[in-house]
S.K.: 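Shown below is the structure under consideration.
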Amino acid sequence: MRKGIAPLVVVAIFGALALSTEILVLLIGTTEISVRILVEKEILAAINRMEFLKREIPVAIQYSFYQASYDLTSRGGYTTFSTSYNCIPYWKVFSQNNIPDAEANMQNVFLKIFSRYTTELGDVTTTFPKFQVTFDKDAGNMKVFSSDKIVMQNPDVYLLKEDATFEQRFDTKVFVMFDAAKDFAEKISQEISSSSSYSDAVKRIGDAQTEFNSKYQNQFLFVVSTDNNLGKDENNFAFRTSVIVVDTSDNNYPVYDFSQSKNVYSNLKLNFYIFDGKDNSVQPQINPCEGIKY
Amino acid sequence: MNLRINRKAIFGLDDLAGLMIATFVIVMLILAPIIFKYQIVNQIQFEVKYNSADLSMLALLSLKNEGKPMPLIIGEHLTLNNPSDISFVDKDLEKIVPSKCFELKTGETQQNVPSYALQIKSSISTTNCIPDSSTKTKIPLPYNPQKLVEILELHVS
């Protein structure tokens, strides 16, 4: 009987030996696979993170554009000031012209804001290049780009490079608004220089306001108020005109209002002053304002 | 007597060695494909499972509702409560996640930074739905100097 189980014992021993060998091979294989899985996992995660970024950056571009438009219009086209009163710039002081270059300032402010977004969206493995932006006002397309790439890397594991060019539609309203406001500022100056007296100038400004409100009906509302004459007399006048160009469309932007310190939906309001007249011995009242720090 | 002789003949040294080798080879042959299959299946399952949360998140971020990209919709909902109801995201996720078991929520934020709460869970009862794969990303919020992005986590099964 004992001799009868001998073959079974032999089979069991060598079966167990074979099994141990297989388990050993499995363990060695699993270790190798685990290492490979870890590397693959890292690579897959990086590829997916890059894909996430490609969907998030256009949204960051949109928010940056909204905020740049809002900040620039509410502060008369500037975020840092020289000649201003309570953060509203003087676009004209007699013959001195200070009308902002809307496109250049939009580019500048947009890139400052967008740079903050890219810093926040990235992480230690991601490097964003220095971006540039162009606005095609006629086509309504903006292009945020860089000749360098967005780089995602983990040394010895992966190195991903992605084109840093994003093109998307934008609302051209802000530029139309600046153009209209510039025309209006020049018209006011022209009317003031043609005026014979303070009251004549005020009347002419009122007429210009009516004309522009009619011209930009359903787009913008021109709200104008004139200060008292600071000049020597009725004929030697000098005064400040406050202009607010209000966007009357229903398209409000989600923005941060620095005066309320909170996020709001708001339309655009472009504020600026004109100081003009015949008595250039008078100077406008200046109240310096700290620019917005992004 | 004859029987003893026969037994010796059956279990001779040569035969024993043959039996050992045969057993070894047969067990190895049977186990090798099983173990190989186990390894491969394990690896694929791990990678697919690992990737499924990422792919679902990618699909979610790629969606648009009334022309608005999903990150923008969620961002404005969080900061300005507009739209106030984003239950449609639940329906979208049900289409995206094959198991229909998911949880979308905002992640942990740094101290002293205002955070926004969002939690969208699958309608499947929680006993049947235990997410085992997760991913997270940062979505942009409308500009706020204190907080520009929010962490969005997606857990799926």
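By convention in this document, chain letters (A, B, ...) are assigned in the order of the sequence lines, proteins followed by strands, and residues within each chain are numbered from 1.
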S.K.: With only heavy atoms counted, which part of B:Pro69 is less than 4.5 Å from chain A, the side chain, the backbone, both or neither?
M.R.: side chain
S.K.: Backbone N or O of B:His155 within a donor-acceptor pair of the B:Lys136 side chain at under 3.5 Å?
M.R.: no
S.K.: Decide whether a cation-pi geometry holds between A:Lys137 and A:Phe175; the criteria are a distance under 6.0 Å from NZ or CZ to the six-membered ring centre and an angle within 45° of the ring axis.
M.R.: yes
S.K.: With a 4.5 angstrom heavy-atom cut-off, could you sort out which part of A:Phe258 is near chain B: side chain, backbone, both or neither?
M.R.: side chain
S.K.: Check whether any side-chain heavy atom of A:Tyr256 lies under 4.5 Å from a side-chain heavy atom of A:Asp71, and answer yes or no.
M.R.: no
S.K.: Report yes if the side chains of A:Arg49 and A:Thr125 come closer than 4.5 Å at any heavy-atom pair, otherwise no.
M.R.: yes
S.K.: Could you tell me whether A:Gln260 atom CD has more than 12 heavy atoms of other residues or ligands within 6.0 Å of it?
M.R.: yes
S.K.: Given a strict heavy-atom distance threshold of 4.5 Å, which part of A:Tyr253 is in contact with chain B: side chain, backbone, both, or neither?
M.R.: neither
S.K.: Could you tell me which portion of B:Met70 (side chain, backbone, both or neither) has an atom closer than 4.5 angstrom to a non-hydrogen atom of chain A?
M.R.: neither
S.K.: So what's closer than 4.5 Å to chain B heavy atoms on A:Glu56: side chain, backbone, both or neither?
M.R.: both
S.K.: Given heavy-atom pairs under 4.5 angstrom as the criterion, report whether the side chain, backbone, both or neither of A:Thr21 touches chain B.
M.R.: side chain
S.K.: Are more than 12 heavy atoms, taken from residues, nucleotides or ligands other than A:Asn251, located less than 6.0 Å from that residue's CG atom?
M.R.: yes
S.K.: Using a cut-off of under 4.5 Å for heavy-atom pairs, which of A:Tyr66, A:Tyr117, A:Tyr70, A:Tyr294 has the most such pairs with chain B?
M.R.: A:Tyr117
